[in-house]
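Notes follow the structure.
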Amino acid sequence: MGQPHQYSYPSIFIYGHRASGKSHVMHVLMKELELSHATVSCVECVSIALLFEQVLLSFFGCDAASLLPRSPSLSDFVRVYRQQCSQSPAKQTRYIVSAVEDNVTVILLSEIAWDKFRPNTGCFEPLLLHFPDYSKSELQQILSQNVHPSYSAGFYSAYINILLGVFYSVCRDLRELRHLAALNFSKFCEPLAEGKVKETDTHKLWKHIEPHLKKAMQTVYLREVSSLQWEQMQKEYDDVDLLHLFCLLKGLSAHTHVELPYYSKFLLIAAYLASYNPARTDKRFFLKHHGKIRKTNFLKKNEKTSNHLLGPKPFPLDRLLAIFYSVVDSRVAPTASIFSQISSLVTLQLLAQVSHDDQLDAPKYKCAVSLDFICAIARTVNFDIVKYLYDFL
Amino acid sequence: ILGEIRDYFVQGCEDAESSEIRFRLCQELWDEIKTDTEVLQDELNRTILDSLLDFTRKCSSTRQNSDWTSQMRASEIPTAALMLGVNVPDHDMTFQSLSDMLKQSVSPHVASVQAKECGGKGFRDQSEIILCSPHRLCFKWYENVETSPRVHRSMHCSLGILCDWYTARTKVGAQTTAGVHTETWIQPPVVIIFKDLEAFNPRVLQDFILICSQYIDRLPLTFIFGIATSPSTIQHMLPHSVSSLLCIELFQSLSCTQHLATVIDKLILASRIHFKLNGKVMQVLIGVFLYHDFSVRNFIKGLQLALLEHFHSQPLSVLCCKKKQALFNVTQLSKPNLDRIRQLPSFKRYVEKQEAQEQVNLMTDDSHLKEVCQQLIKDLHKYHKNYYPILRCLHTLTSSLPRYPLGKQIRELYLICLAKNVWENEDYQSAMKLVKMLAKGEMVSLLQKCVEILQLSKSKKMKNALVQLEELLAKFKQLDTSIPSPIKNLQKKTDLFQLQKTLLEMNESRRAKRLSPFENLRNEALEFIDNLVKSHLSPPESQPLYEVCYYSSSATVRRHLNATPRTSIQAALSNPYYYLQSEDGTVSNTAPDICIAYKLHLECGRLINLYDWLEAYSTVVSAAEGNDQDSENFGKVDEVKHARFIRAVSALEFLGFIKSTKQKTDHVARLTWGGC
């Protein structure tokens with residue numbers, strides 16, 4: 001980067017995976033070298049104005065930021081920036097961890113490679129720096145530094161070793177690993193506290209903790225069970241019960257049952273049929289005297305693949321209603337609440353509206369539920385949906 | 001406002017004299033129902049709200065202790081996923097009480113966001129708004145209390161500013177309380193409620209959570225997600241990198257069918273509230289609930305509609321109130337109202353059963369009629385007091401039978417009982433047969449439950465029934481202690497012949513299936529129940545003057561609650577005089593343009609030739625103008641007719657009957673099928 005008075009490189013692009021130490025290195029660097037800098041998170045800056053404001057705020061304080069007009073452009077920003085520079089005595093290169101010009105180095109931190117960002121109008125290529133992922137041994141070194149104050153370093157690093165053995169194959173995120181280490185450490189220490197094993201008896205400790213870690217991988221790591229619940233359960237139950245409990249405990253994804261009003265269920269079924277059956281086959285499924293049409297007769301070349309592999313297809317509203325009326329067993333008046341149920345299914349994300357919002361011009365929908373889900377729904381209304389699906393003919 | 005409503009009520013009301021009283025009665029009843037439902041709602045939600053409160057408290061307390069584990073842990077945002085079911089209209093009340101309770105007991109910083117508020121055109125707008133709204137809301141509550149934080153006008157809202165403001169506030173709080181206890185430096189959590197998670201744009205939500213997680217160490221945030229479908233939506237909406245920032249705990253609220261059951265139990269099946277719905281209206285309301293929306297709020301709205309309609313349209317509803325008041329109102333009845341009573345079908349049936357002299361008296365003597373009416377009103381109140389306990393007893397007996405012949409829920413049984421004499425129902429017979437097969441333990445426990453129900457009732461007849469039932473129960477219990485066994489007789493010393501004889505007798509009795517004492521007793525109990533049902537569960541139509549309390553116009557309720565826009569458009573087009581209030585029944589040539597165009601288009605196939613249509617239209621309209629059929633200009637298209645036709649056609653297009661098509665030039669496509 002050169003000396004403070006030298007002209008600096010306009011932009012540096014640093015990239016690497018999550019938690020590979022990018023921000024940490026930059027922070028330490030800036031602090032050590034005592035460089036004036038501003039750190040801005042781009043997710044947070046939804047508009048460019050917010051970005052300018054934050055940069056000015058951290059360089060010059062509140063007064064400068066207030067000089068910006070209501071909807072500032074880039075030139076406004078540069079103007080205010082120049083003005084402030086002449087006032088303030090600081091004559092150092094400034095490093096902004098984000099985007100602009102002047103005697104300023106922009107350092108971009110990202111999890112994505114530069115190629116994805118390159119604008120098609122062309123721009124000044126930044127200096128690329130890659131932060132590689134940590135290796136297993138590096139991870140272990142870093143993790144072992146957070147020793148629990150009441151235990152020895154060797155003991156803790158043995159624990160980290162075991163932890164990594166289980167989790168390294170699925171997760172290399174340092175942050176997440178640290179989190180998991182903290183959650184499971186108390187369990188690891190349990191036999192020690194009871195006086196059954198010594199700190200050095202790694203094998204026994206391993207035997208004790210391993211099933212737990214495996215269970216943790218299936219639950220806590222996937223956030224099926226929240227970490228608070230996990231800790232609580234560890235406190236309350238002993239080993240055997242705990243493992244039993246996990247079998248009974250339903251995670252987030254286990255709750256898939258949704259209660260719907262009667263006609264909503266049929267609307268959803270009709271939508272599913274419309275999405276996964278070709279429109280030509282409607283006649284065969286929903287007409288009483290359709291005659292005998294064999295599957296081979298209307299098999300076209302491209303339709304040999306299953307419709308379920310291709311995903312749901314869009315269908316117009318009238319087709320949905322036509323199927324709905326033939327599927328539902330009683331006579332239903334086309335009331336306003338039937339139509340409002342369709343739109344509430346859309347808000348519940350069980351249906352997806354494909355075309356634009358204009359209701360006048362025959363809106364199109366897609367069905368966004370899985371086969372298992374629709375089968376469960378159909379079972380509650382005694383409707384054999386498989387009989388009506390073209391794929392299972 | 002009340003005055004306005006009253007004027008509106010009185011206007012166009014039948015029998016204006018009593019309308020004031022009716023309005024007051026209606027208002028009182030509605031207030032009662034409203035407070036009852038609110039209390040009910042609070043009770044039902046109490047458990048889940050309490051656990052949610054605990055959750056937020058726990059989260060804020062764990063955040064404050066600083067031992068090794070909590071330092072090591074990744075800072076997750078505590079999140080409560082609140083499963084509310086698909087009845088979205090009902091959620092508002094729940095959220096309202098939730099945020100009230102949170103503000104009272106946990107933290108003043110509570111903000112609710114709806115997806116609607118965060119709907120901008122682009123993605124950027126949305127994320128800005130979602131950022132702003134909790135921020136602004138937090139400010140709002142403080143504006144009145146203390147000086148709001150000084151935010152510069154040009155500054156944009158960001159979480160950073162909110163964070164600074166928060167630290168400033170909590171510091172102030174700490175300083176003021178410092179004198180009392182310095183140790184507890186309380187950090188009330190900032191709670192953000194997402195009312196409808198599904199409706200949020202997933203990208204906005206992801207960004208918002210990412211931003212929040214950067215501030216979590218300075219700003220104790222807590223999220224509450226309101227989820228209508230299933231918890232797996234969280235996983236569908238958020239990738240692992242985002243959901244790993246949340247510490248999600250699940251809360252399940254009461255299902256809406258249970259909610260409805262309690263509402264029906266407390267509001268409909270209560271003799272306290274004198275306004276009743278007849279079977280058909282009940283059917284409509286329950287149908288709307290089960291088939292369409294699952295919304296308890298809409299159910300109560302329907303009840304309110306029926307209540308208003310009843311008091312508005314039925315002059316005799318002055319008698320639909322508490323017994324004392326009703327008896328007084330009877331004495332105040334005017335001559336036309338007395339005549340109305342004489343016209344009531346139920347009263348006519350009652351008169352027919354009387355002797356000839358009494359019949360004449362009832363039809364001519366007003367004061368006699370008033371006396372009789374007072375008696376009848378008393379009877380009606382008694383009928384209600386006995387009806388509901390017996391209904392509940394019958395429900396407890398039959399609700400656990402295999403295959404539920406009389407329904408699982410009490411509302412189903414109630415509908416059956418409202419329709420006709422329940423004991424003539426086949427299902428009732430089969431249910432009774434099944435009850436006859438119950439084992440002793442079950443029988444006793446069911447009867448015990450019935451006793452508990454009857455104990456709540458205060459009427460004389462119910463107390464009598466209670467006494468009898470308790471006697472029966474006592475007998476059941478005695479059976480345990482004294483089992484008379486025929487073998488005992490054998491122990492007497494007898495000769496061989498005697499023994500043979502007794503054995504033969506025993507054999508015979510077994511063959512004839514003589515009932516055991518338990519079976520006898522069970523039959524006795526059943527007969528007792530059956531008698532109770534027969535004497536108390538007759539349908540309301542059998543009671544004279546039932547029209548006073550029962551609202552029966554199911555068509556009105558259906559028309560108001562379950563609108564059919566398409567049917568009414570079609571009715572308007574094919575029969576305009578229904579709305580235009582004139583006599584002619586069919587579409588004549590003097591009908592509005594759009595009706596003529598509609599009628600003509602019904603005769604066409606899927607594609608309509610615009611020119612032919614115009615010609616036909618022109619002919620019809622010319623005939624309406626009374627032009628001479630033989631003249632040269634007859635049926636000629638002039639500019640005015642052309643313009644009128646175009647307007648009618650575009651109106652039809654707007655209503656969705658036709659649309660333009662590219663298949664054929666000068667043609668439009670029909671979107672409906674079927675002819676005239």
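Excluded from the calculations below are hydrogen atoms, water molecules and symmetry mates; all remaining heavy atoms, backbone and side chain alike, are included. A note on names: the letters A, B, ... follow the listed sequences, proteins ahead of strands, and every chain is numbered from 1. Values in this document were obtained by computation on a predicted structure and should not be read as measured data.
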Side chains of A:Leu321 and A:Ile342, heavy atoms from C-beta outward: is any pair under 4.5 Å? yes
Out of B:Val242, B:Thr79, B:Leu197, which one pairs with B:Ile234 under the side-chain contact (heavy atoms from CB on, under 4.5 Å) rule? B:Leu197
Contact leader toward chain B among A:Asp318, A:Leu348, A:Val346, where contacts are heavy-atom pairs under 4.5 Å: A:Leu348
Measure B:Asn562 against the heavy atoms of chain A and call it side chain, backbone, both or neither at under 4.5 Å. both
Do the non-hydrogen side-chain atoms of B:Cys256 and B:Phe289 ever get within less than 4.5 Å of each other? yes
Contact class of A:Glu259 relative to chain B, heavy atoms under 4.5 angstrom: both
Tell me, do A:Leu268 and A:Ile374 make a side-chain contact under 4.5 Å, heavy atoms counted? yes
